[in-house]
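The structure under discussion appears below in the form of structure tokens.
Whatever order the structure lists them in is the order used to number ligands and atoms, beginning at 1.
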Amino acid sequence: MDGEAMKILIVGGVAGGASAAARARRLSEDAEIILFERGNDVSFANCGLPYYVGETIPKRQSLLVTTPERLRTRFRIDVRVRSTVTRIDPVAKAVRVRESGSGREYDESYDVLLLAPGAAPLKPPVPGIDSPRVLTLRNLDDVDRIKGLVDAAVAKTGGRVVVVGAGFIGLELAENLVHRKLETTVVELQQQVLPPLDPEMTSPIVEALRSHGVRVLLGDSAAGFAEGAGGVGVTLASGTSLEADLVILGVGVRPESRLASEAGLAVGPRGGIRVSASMQTSDPSIYAVGDAIEVVDFVTGAAAQVPLAGPANRQGRIAADAIFGRASRYRGTQGTAIVGVFDSVAAITGASEKVLRREGRAYRKVYVHPASHAGYYPGAEPMALKLLFCPESGRILGAQAVGGAGVDKRIDVIAVAIQAGMTVYDLEEMELTYAPQFGSAKDPVNMAGFVAAGLLRGDHPQADFEEILAWESPGGPPAGSILLDVRTPEEFAQGHVPGAVNIPVDELRGRLGEIPVDARIFCYCQVGQRGYLATRILLQRGFTAVNLGGGFKTYRLHRP
Ligand SMILES: Cc1cc2nc3c(=O)[nH]c(=O)nc-3n(C[C@H](O)[C@H](O)[C@H](O)COP(=O)(O)OP(=O)(O)OC[C@H]3O[C@@H](n4cnc5c(N)ncnc54)[C@H](O)[C@@H]3O)c2cc1C
């Protein structure tokens with residue numbers, strides 16, 4: 001069907017829905033486009049909400065990326081706010097709409113229906129969960145409620161907040177609550193914060209939280225809430241009791257797919273609406289985008305739920321293209337994400353080690369610990385960069401970085417490399433911007449490529465620290481193995497892996513006689529470079545040696 005007579009209904013007016021509506025109008029001046037939004041606002045900045053709580057974004061107005069009026073005047077979209085779509089009749093090709101103010105109900109027919117209803121915050125079924133002081137954050141109404149209670153807590157002395165869930169939103173909230181000078185506790189069920197990342201990559205973030213006064217309770221969960229005079233008591237599964245002025249839950253989201261499933265559309269086991277690469281559902285007249293859909297993981301090919309703004313916006317665009325017969329196709333979701341926690345930054349793209357292990361995929365990994373820019377130029381900040389890749393082809397499977405400045409740039413470069421199907425050998429060759437205040441002649445991305453490619457070429461026999469960590473419980477290396485710290489005695493004295501012996505790399509050639517010839521030697525230095533040289537010396541002298549990838553700094557990620 002061409003745009004002339006087409007009537008498009010859109011359910012949900014924020015990231016995916018508003019993008020689709022604007023794109024549809026750019027593609028057809030003639031289509032009739034009606035956008036239904038349950039709430040009061042369209043196209044608001046969900047991602048800015050935590051920063052409004054913290055008053056980094058001082059004006060509520062700034063959160064309104066666009067307004068219904070603007071969508072009407074600029075895009076001639078019939079925007080109907082406070083209008084909930086309650087039912088889809090796919091046979092009659094019509095939806096039932098309920099207006100929240102008047103309660104009026106009516107049917108609206110469509111040629112094409114696009115679902116962009118997003119995902120709702122999860123509320124675990126524990127006693128007291130519906131207390132007005134236990135809140136979730138999704139939209140402007142939520143943020144108004146949270147800000148009201150936060151402002152009241154700030155106004156008294158000793159205001160306290162408990163954040164349940166240490167995902168991206170939970171940690172952004174924690175930072176912003178500290179900005180408001182509130183005593184903040186974060187409770188997380190898992191033994192790590194930021195569950196999409198691998199645990200060791202999150203330890204600097206826990207350190208950042210704690211050094212800014214946030215109490216971080218890992219491996220615990222909220223078992224119940226009890227409202228008291230002017231506050232709420234939180235009982236944790238461990239038995240710990242906390243008192244707070246308010247609790248904010250950030251424990252994940254659930255796709256809003258009820259409309260779709262009731263209409264008989266295919267829905268995945270985790271509730272995401274099933275769509276094709278052109279965002280078409282199992283009904284050819286109905287498209288779906290955003291947090292409500294099931295996506296294909298770009299790296300593993302598995303079905304996944306990945307609630308992120310970038311994918312939702314792109315999917316909205318692709319759906320509009322597809323509706324008007326353009327050949328746009330969604331390539332899958334890489335899960336590229338970033339979070340700032342005080343001065344620290346953590347970012348991820350592609351598959352984590354956890355996911356690769358769970359999926360039974362073969363992989364290798366390297367860690368590098370470069371500076372954000374040339375070390376001799378003031379202000380360089382350290383970062384840890386982890387790269388996961390295929391042991392046969394060298395294809396990049398995922399990357400994570402934690403540090404400060406420059407983390408975003410490196411993960412973005414690697415995100416592009418993953419999408420282009422590149423290998424670690426391509427990272428070696430990448431030509432990236434360099435002047436001392438921006439990077440290094442060997443950029444961290446190149447460095448990760450050098451180390452990974454060296455490993456695959458066999459130049460660089462490497463063991464992972466996990467092997468050493470397994471020794472720790474019985475204590476020290478097993479018989480026949482030696483843990484060799486090749487840093488200086490001063491560095492060794494400042495901290496070393498339990499059971500290690502210290503022979504600095506510069507003395508190694510003269511002290512080979514101290515090492516049993518038949519031992520398996522695990523070398524390490526601070527970041528991996530001296531350990532690599534020591535390994536090369538030992539191998540050429542007939543010893544059996546491997547380097548512990550990423551050195552003592554990587555050990556410290558595992559054992560902060
Ligand atoms: C606090 C917060 C911070 C975030 N920060 C980031 C970030 O930094 N980076 C990032 O990538 N992502 C972030 N996200 C996630 C990102 O906002 C979402 O992935 C994105 O908004 C999803 O877009 P969507 O269109 O699918 O859903 P939404 O943006 O949630 O929009 C769906 C809309 O549909 C409406 N709706 C639902 N059902 C109906 C119905 N039956 N009838 C009418 N209307 C309906 C809802 O009211 C809602 O307004 C954040 C989310 C939150 C809540």
Would you mind running through ligand 1 and noting each atom that sits below 4.0 Å from a heavy atom of [X]?
X    : result
A312 : 22 (C), 23 (O)
L259 : 41 (N)
G12  : 33 (C), 34 (O), 35 (C), 44 (N)
L308 : 10 (C), 11 (O), 12 (N), 19 (O)
A15  : 20 (C), 21 (O), 23 (O), 25 (O), 29 (O)
G290 : 26 (O)
A116 : 32 (C), 33 (C), 34 (O)

Identify the closest protein heavy atom to [atom]: which residue and atom is it, and at what distance?
atom                    : value
atom 13 (C) of ligand 1 : C47 SG, 3.3 Å
atom 37 (C) of ligand 1 : P117 O, 3.2 Å
atom 28 (P) of ligand 1 : V14 CB, 4.0 Å
atom 53 (C) of ligand 1 : L137 O, 3.5 Å
atom 40 (C) of ligand 1 : V11 CG1, 3.5 Å

Proximity winner for [atom], if only heavy atoms of [options] are counted:
atom                    : options               : result
atom 26 (O) of ligand 1 : D291, V95, N313, V289 : D291
atom 16 (C) of ligand 1 : P50, A309, G17        : A309
atom 44 (N) of ligand 1 : R82, R138, E172, R38  : R38

Please determine if K365 forms a cation-pi arrangement with F389, meaning its NZ or CZ atom is less than 6.0 Å from the six-membered ring centre and no more than 45° off the ring axis.
-> no
Pick one: which of T84, V97, L259 meets side chain to side chain contact (heavy atoms under 4.5 Å, CB included) with V11?
-> L259
Is there at least one pair of N or O atoms, one from V85 and one from ligand 1, spaced under 3.5 Å apart?
-> yes
Would you say N46 has any N or O atom under 3.5 Å from an N or O of ligand 1, going by distance alone?
-> yes
Close approach, A337 and ligand 1, non-hydrogen under 4.0 angstrom = no
Determine, using heavy atoms of N139 and all atoms of ligand 1, whether some pair is separated by less than 4.0 Å.
-> no
Aromatic ring pairing H179/F342, orientation class (parallel under 30°, perpendicular over 60°, tilted between) | perpendicular
